[in-house]
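Everything below concerns the one structure shown next.
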Number of protein chains: 2
Amino acid sequence: MDEIVALCKRRGFVFPTSEIYGGLGSTYDYGHYGVLLRNNVRNEWWRAMVFERDEIVALDSAILQHPRTWEASGHLEGFTDPLVDCRACKLRFRADQIEESHCGKKPSKRPGETDQCDLTDARQFNLMFETHVGPVADDASVAYLRPETAQGIFVNFKNVLQFARRKPPFGIAQIGKSFRNEITTGNFVFRTREFEQMEMEYFVPPDDAEKWHRHWLDERMRWYTELGIRSDHLRLREHPPEELSHYSSATSDIEYLFPMGWSELEGIANRGDFDLRQHAQFSGEKLEYFDPQTEERYVPHVIEPAAGVDRTMLAFLVDAYDSEQVEGRERKVLRLHPRMAPVKAAVLPLVSKDGMPEKAREVYDAVRRRVPAEFDEGGSIGRRYRRQDEIGTPWGITVDGQTMEDDTVTLRDRDSLEQVRVPIEGLGAELAERLEQPWTTPKAG
Amino acid sequence: MDEIVALCKRRGFVFPTSEIYGGLGSTYDYGHYGVLLRNNVRNEWWRAMVFERDEIVALDSAILQHPRTWEASGHLEGFTDPLVDCRACKLRFRADQIEESHCGKKPSKRPGETDQCDLTDARQFNLMFETHVGPVADDASVAYLRPETAQGIFVNFKNVLQFARRKPPFGIAQIGKSFRNEITTGNFVFRTREFEQMEMEYFVPPDDAEKWHRHWLDERMRWYTELGIRSDHLRLREHPPEELSHYSSATSDIEYLFPMGWSELEGIANRGDFDLRQHAQFSGEKLEYFDPQTEERYVPHVIEPAAGVDRTMLAFLVDAYDSEQVEGRERKVLRLHPRMAPVKAAVLPLVSKDGMPEKAREVYDAVRRRVPAEFDEGGSIGRRYRRQDEIGTPWGITVDGQTMEDDTVTLRDRDSLEQVRVPIEGLGAELAERLEQPWTTPKAG
């Protein structure tokens, strides 16, 4: 993980937030390549969820919602961690993680291990960030930053039914920020207080819920492997009954083998009719579907694939990271799927002879009309290749003396390191076409 | 404006947030077409700012930042509205808008107009939303939801300089949510407490600041008109000296003729070196550029084009909205630039004869591989056209009896209503190509 963090900083993928002010624990800003990579994560999810399916529609609900939403969802009462205070060191700990905690007094010991620590009883601490809307900060103006995007979907169920003319099975997909005031954060961008979710709620006839749950488990696994994640670094873990959330009759996590071990990448839950029934009860609205053909009226059940942009990005980075010896030197390379790569092609003029920079710019302008590209004329060609390898650029295009004679360039493959001579004409279109083709990972292991 | 709001609801562009719970004043959720339209707004800004320019890099900074950021920027002290309380009706009003306010007591009068109202002196009320990070809600844990994305850029200036190897003139572009606890909101999505900004900070040598300010005024005006906004509905308004913010030496607004009158669409400010100097002073970091060629060291000046996704979307909707009489019936149509249209093509099978639905699906599958498309077989063809007109779909493709014989379809133009017979083959590619072509508005006035 340290190597990933170092590369992310060195190449400007990820910076700690407010670094010049000492940072704000476990909050991160994304630099140029990080933004491009995250956009690719979002776009690929969006493509699979919205563009390639007719029965799923898009939604973008607000972060600030009516507080009743969180009463109905159970977050106001139940979205809590048990915390204990130490009367001596004045720190606060998660009661269920006392074993891994350390008291603030020196020499630091585990709370309870020493009589330095004087722990209170555990109290429930709500993980929602609280704020006030309007000029008066009182109970009536309390609002919460949403802890998940899902509830914004449920409260819009009726709007979508009515105005998007959908009938089950249909889905509502949303990408957006959520906030959880976690006490224990960490593992780089794996667990942060501010994070971005990609959630889709799929509304189905109750009898079909299990079938659709299996469907979405398969679909989501396929999404990761088709985008190049090694299948032996992925596994499905079914929640045992005692681990299930109150709203769920079955949940399976897709786990990825992160450097800190197998950890949740995405949860796929069968939420039953819990959410729609709760919001119907709290709002007084009928949240159900009337089937004009069968004349049946029912509350759809919900299958929810819920992934995170940051965590997915991290999995792609970890899975793509490779280091190898090439001609006696270390080569660090991100073997990203070309569709995930922040930059698809780098145009690199080899030497600056008469007309060559201009020619290289021409090639660059033609290529970037079709695929995201970069122009780099700084430093030795070896150094420029290394930079591109580290950000995962699949294709390097070098413009050299021969280019001036016959309008060809060399095309270097990031993974095989093969270089082939190709004509300039049609190169951008050719690379755009390759992006749409299936791609097999050349990753080791 | 009422017609726009009605269309937005009817076609599922925009819904009031938490509507089933009575809403949350001036907060909105975006439905399917609203999300697609907003994505187009973002993508076109991104294309103009990042993809088509080599010297501008992307950033995505966190909403929760270190509180010192807002001390340095001046927001903690100065980002306030003067408020007065009415001791009688217990309402709070903006002191500078007392004239337009109404007391809560019946019969409602303007505060001050009657002795029913007993106003306090004005106090400064900060517009930043406040929350607490971590388990203890005290002064040390206070954090603010960012009121602008710009400061997240300034505090990353050094990171970009160092890791993205840039030198002035260069820019940092960011799209993201900001929050302002406005007392007076309204005009639909024009002014909301939660909104999305598109800001770019352009760092230049001090002597070139005026030149670049003019450059960005021209560029941004061109962006709107090239995407179809009527140029006579746009104007530049230079801030007079007394209106300038404390950080700005010159600001011009691009204003649009909204239904409520000329209003700010985008502000383009010359911020000088105010922000970098402030953050340098508060953080102790050197935020400057050293030019190795001239051996000069200087603090760059900043030009900032700052637009809003929601407001820009509203301008595109307002400008595109048209209503006309066609064959004695009213036709409502959004004359959006094809690149802005949520859906580019609708495939509409005319009748359900043998094999025709299958053929229509084939056409649909081929077209949507190239452009966002929709398949609609519900209701009369006239009704389906009206639906597509209302969401601004530029091209309607009808599959009919002749299609089965010669593999041609009719292509209907949203604006001219002309229908031409075209071959199925290559249709998707042809439409994708048209999206890249300049487009001239057929709008009236």
Side-chain angles (χ1 to χ4, degrees), chain A residues 9-12 15 17-24 27-32 34-36 38 51 54 57-66 68-69 83 92 125 129-136 143 145 152 155-156 158-160 163-165 177 181 183 193-194 279 283 285 368 372 375, chain B residues 9-12 15 17-24 27-32 34-36 38 51 54 57-66 68-69 83 92 125 129-136 143 145 152 155-156 158-160 163-164 177 181 183 193-194 279 283 285 368 372 375 378:
Chain A
K9 169 130 201 193
R10 188 168 65 247
R11 288 302 170 213
F15 306 118
T17 292
S18 309
E19 204 176 8
I20 63 172
Y21 293 117
L24 187 75
T27 315
Y28 295 91
D29 293 349
Y30 293 91
H32 187 65
V35 175
L36 299 185
R38 276 160 61 90
F51 279 140
D54 290 329
V57 298
L59 184 80
D60 189 356
S61 65
I63 289 170
L64 295 171
Q65 295 170 37
H66 196 290
R68 287 281 278 175
T69 310
L83 295 189
R92 203 164 262 190
F125 170 76
F129 282 98
E130 195 177 305
T131 189
H132 294 273
V133 174
V136 185
L145 306 193
V155 299
N156 275 294
K158 204 179 169 182
N159 280 331
V160 173
F163 298 108
R165 301 175 301 132
K177 288 247 171 131
N181 199 357
I183 308 308
R193 296 198 175 95
E194 174 177 340
H279 286 296
S283 70
E285 295 275 351
R368 78 160 162 176
F375 186 78
Chain B
K9 169 129 203 193
R10 188 167 67 245
R11 290 299 170 215
F15 305 118
T17 291
S18 309
E19 205 177 6
I20 64 172
Y21 292 118
L24 187 75
T27 315
Y28 294 91
D29 293 350
Y30 293 91
H32 187 64
V35 175
L36 300 185
R38 274 160 61 91
F51 279 139
D54 290 328
V57 297
L59 183 80
D60 188 357
S61 66
I63 289 170
L64 294 172
Q65 295 171 37
H66 196 291
R68 287 282 277 175
T69 310
L83 295 189
R92 205 163 260 188
F125 169 76
F129 282 98
E130 193 177 306
T131 190
H132 294 272
V133 174
V136 185
L145 305 193
V155 299
N156 275 293
K158 204 179 169 182
N159 280 329
V160 173
F163 298 106
K177 287 245 172 134
N181 199 359
I183 308 309
R193 296 198 175 96
E194 173 178 341
H279 287 295
S283 69
E285 296 275 351
R368 78 161 161 177
F375 186 77

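In what follows, chains are A, B, ... by sequence order, proteins preceding strands, each numbered from 1. None of these values were measured; they are calculated from a predicted model.
- Under a 3.5 Å cut-off, the side chain of A:H32 and the backbone N or O of B:A58 do form a donor-acceptor pair.
- The shortest side-chain heavy-atom distance between B:E19 and A:N159 falls under the 4.5 Å cut-off.
- Within the 3.5 Å criterion, the main-chain N or O of B:H132 finds a donor-acceptor partner in the side chain of A:N181.
- Under a 3.5 Å cut-off, the side chain of B:H66 and the backbone N or O of A:Y21 do form a donor-acceptor pair.
- Per-residue heavy-atom pair counts under 4.5 Å with chain B were compared for A:I183, A:V160, A:V136, A:L64, and the maximum is reached by A:L64.
- With chain B as the partner, the residue from A:D54, A:L145, A:V155 showing the most heavy-atom pairs under 4.5 Å is A:D54.
- In terms of heavy-atom pairs under 4.5 angstrom with chain A, the leader among B:G152, B:G378, B:G31, B:G34 is B:G31.
- If you measure heavy-atom distances from A:T131 to chain B, the contacts under 4.5 Å come from both the backbone and the side chain.
- Residue B:I20 holds its CD1 atom at 9.0 Å from NZ of A:K158, rounded to the nearest 0.5 Å.
- Proximity to chain B (any heavy atom under 4.5 Å) is shown, for A:Q65, by both the backbone and the side chain.
- Under the ring pair (Phe, Tyr, Trp, His ring centres under 6.0 Å) criterion, B:Y30 pairs with no residue at all, not counting sequence neighbours.
- Interface residue B:T27: only side-chain heavy atoms are found under 4.5 Å from chain A.
- Atoms CZ and CG, on B:F51 and A:L36 in that order, are 6.0 Å from each other to the nearest 0.5 Å.
- Looking at A:A164, neither its backbone nor its side chain comes within 4.5 Å of chain B, counting heavy atoms on both sides.
- Between chain B and the options A:P372, A:G23, A:S61, heavy-atom pairs under 4.5 Å are most frequent for A:S61.
- In terms of heavy-atom pairs under 4.5 angstrom with chain A, the leader among B:S18, B:S283, B:G22, B:P135 is B:P135.
- No side-chain heavy atom of A:F163 sits under 4.5 Å from any side-chain heavy atom of B:R11.
- Of all the listed residues (B:I63, B:L83, B:L59), the one sharing the greatest number of non-hydrogen pairs under 4.5 Å with chain A is B:I63.
- With sequence neighbours excluded, the residues satisfying side chain to side chain donor-acceptor pair (under 3.5 Å) with A:D29 are A:T17, B:N156.
- With a 4.5 Å cut-off on non-hydrogen atoms, A:R368 touches chain B through its side chain but not through its backbone.
- Among the candidates A:R193, A:R68, A:E285, the residue making the largest number of heavy-atom pairs closer than 4.5 Å to chain B is A:R68.
- In this structure the side chain of B:V133 reaches within 4.5 angstrom of the side chain of A:F129, judged on heavy atoms.
- Of the possible polar contacts, none joining the B:D60 side chain to the A:V35 backbone as a donor-acceptor pair under 3.5 Å is found.
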